[in-house]
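In what follows, a single structure is set out as structure tokens and then discussed.
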Amino acid sequence: MSDLFLVRHGETEWSRSGRHTGSTDVPLTERGREEARRLVPLIRSHRIGAAFVSPLQRARETAELIGLHDVRVDTDLREWDYGGYEGVTTVEIQRERPGWFLFDDGVAPGPPDHPGESPEQVGHRADRALAKVEAAFANTEGCVVLVAHGHFLRVLTARWLGLPPSSGALFQLATGTLCRLGTEHGRPVIAGWNIRPTG
């Protein structure tokens, strides 16, 4: 099986300030665009068999800037639905809920169109996305690329490794980076994490 590449979108104003950015369609900053452009050589050095992207503009623009073509938009790749914590920082949440931690505690309920998700619900979406990745590996030659969001990709990595969704907490993921998931002796592994071009 070929490798699965994960790309977290470039920086936005909200990611820079630590605001939870789920459904809010915040654009990339100029620095975020540059982070994406710097990944082009890493992407071009591999044969890409299939690429999937979150529907949100920060992910779609990142996919365009790194030179991906024939990208399939997949709603399962959207970021965690933060419900009542959309746009709020961890520090602000912990003023009301000391010790709160997203991967353990989930989020406060939000409005009907964005009620919030538990770690397990995000894990179910990650499992669906991985099933599509597996189908792509079976039907194309080359690597598969997912362009999406920090917390979601952390949960997806946990599920790739056979861990519970809450184990996504173990994988800090920076904006504008590439991660490589693969196998070793038939077992899933992390082959590279938070990769940026050197120089």
Side-chain angles (χ1 to χ4, degrees), residues 4 6-29 31-32 35-36 52-63 72-133 146-177 179 181 190 193-194:
L4 171 60
L6 311 180
V7 176
R8 183 182 176 193
H9 64 76
E11 179 195 78
T12 69
E13 291 289 352
W14 280 27
S15 69
R16 182 166 59 194
S17 62
R19 297 171 71 180
H20 286 90
T21 319
S23 58
T24 305
D25 218 358
V26 181
L28 298 178
T29 62
R31 178 182 172 188
E35 286 177 334
F52 300 84
V53 65
S54 158
L56 295 169
Q57 67 170 321
R58 57 193 183 272
R60 287 187 289 109
E61 185 177 5
T62 297
R72 291 175 245 180
V73 175
D74 187 347
T75 57
D76 279 332
L77 298 183
R78 69 190 185 278
E79 182 58 297
W80 199 310
D81 182 347
Y82 298 118
Y85 291 156
E86 180 76 10
V88 185
T89 69
T90 296
V91 171
E92 291 168 333
I93 296 166
Q94 289 179 341
R95 286 188 195 129
E96 302 292 323
R97 293 179 65 181
W100 175 84
F101 187 59
L102 175 66
F103 289 95
D104 292 336
D105 303 316
V107 300
D113 55 337
H114 293 291
E117 287 180 296
S118 67
E120 292 73 26
Q121 288 171 314
V122 180
H124 289 313
R125 284 200 287 114
D127 289 345
R128 290 198 302 265
L130 288 172
K132 294 168 203 170
V133 167
L146 305 182
V147 183
H149 311 273
H151 282 140
F152 175 77
L153 290 174
R154 291 168 69 175
V155 171
L156 183 136
T157 298
R159 298 303 300 139
W160 173 270
L161 297 172
L163 301 171
S166 60
S167 292
L170 301 172
F171 312 112
Q172 186 182 56
L173 182 53
T175 58
T177 58
C179 302
L181 305 182
I190 297 174
W193 196 257
N194 277 331

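All values derive from a computational prediction rather than experimental measurement.
Nearest approach of R60 to V73, heavy atoms of both residues: CD-CG2, 4.4 Å. Nearest heavy-atom pair, P165 versus P119, reported as atom, atom and distance to 0.1 Å: CB-O, 3.2 Å. In this structure, Q121 and G116 approach most closely via the heavy-atom pair OE1-O, 3.9 Å. The two residues A36 and T62 come nearest to each other via the heavy atoms CB-CG2, 4.0 Å.
Among residues at least two apart or in separate chains, there is no salt bridge (Lys or Arg N to Asp or Glu O under 4.0 Å) pair with a member in residues 83-103.
Using a distance-only test at 3.5 Å, with no hydrogens or angles considered, a donor-acceptor pair links the side chain of T12 to the main chain of W14. Between the R19 side chain and the T89 main chain, no donor and acceptor come within less than 3.5 Å of each other. Remark: side-chain polar atoms of R58 are not paired, donor with acceptor, to backbone N or O of L28 under 3.5 angstrom.
Just one residue in the list L6, V7, L153, L156 forms a side chain to side chain contact (heavy atoms under 4.5 Å, CB included) with C179, and that residue is L6.
Residues meeting the salt bridge (Lys or Arg N to Asp or Glu O under 4.0 Å) test with E13, sequence neighbours left out: R16. Under the side chain to side chain donor-acceptor pair (under 3.5 Å) criterion, D127 pairs with R159, sequence neighbours left out. Under the side-chain contact (heavy atoms from CB on, under 4.5 Å) criterion, R125 pairs with D76, R78, E117, V122, R128, F152, sequence neighbours left out. When the ring-ring contact (aromatic ring centres under 6.0 Å, His included) test is applied to F103, the partners found at least two apart in sequence or on another chain are W80, F101, H151. Partners of R31 under the salt bridge (Lys or Arg N to Asp or Glu O under 4.0 Å) rule, at least two apart in sequence or in another chain, are E11, E35. Legend: residues meeting side-chain contact (heavy atoms from CB on, under 4.5 Å) with I190, ordered by chain and number and at least two apart, are T157, L161, F171, L181, W193. Not counting sequence neighbours, the partners of P27 by the side-chain contact (heavy atoms from CB on, under 4.5 Å) test are Q57. Legend: residues meeting side chain to side chain donor-acceptor pair (under 3.5 Å) with N194, ordered by chain and number and at least two apart, are T177. Taking the side-chain contact (heavy atoms from CB on, under 4.5 Å) definition, one finds that A59 meets it with V53, S54, V147, H149, sequence neighbours left out. Residues satisfying the ring-ring contact (aromatic ring centres under 6.0 Å, His included) criterion with W100, sequence neighbours excluded, are H20, Y85.
No side-chain heavy atom of T21 sits less than 4.5 Å from a side-chain heavy atom of E79.
Distance check: D105 CG to S118 OG gives 12.0 Å after rounding to the nearest 0.5 Å.
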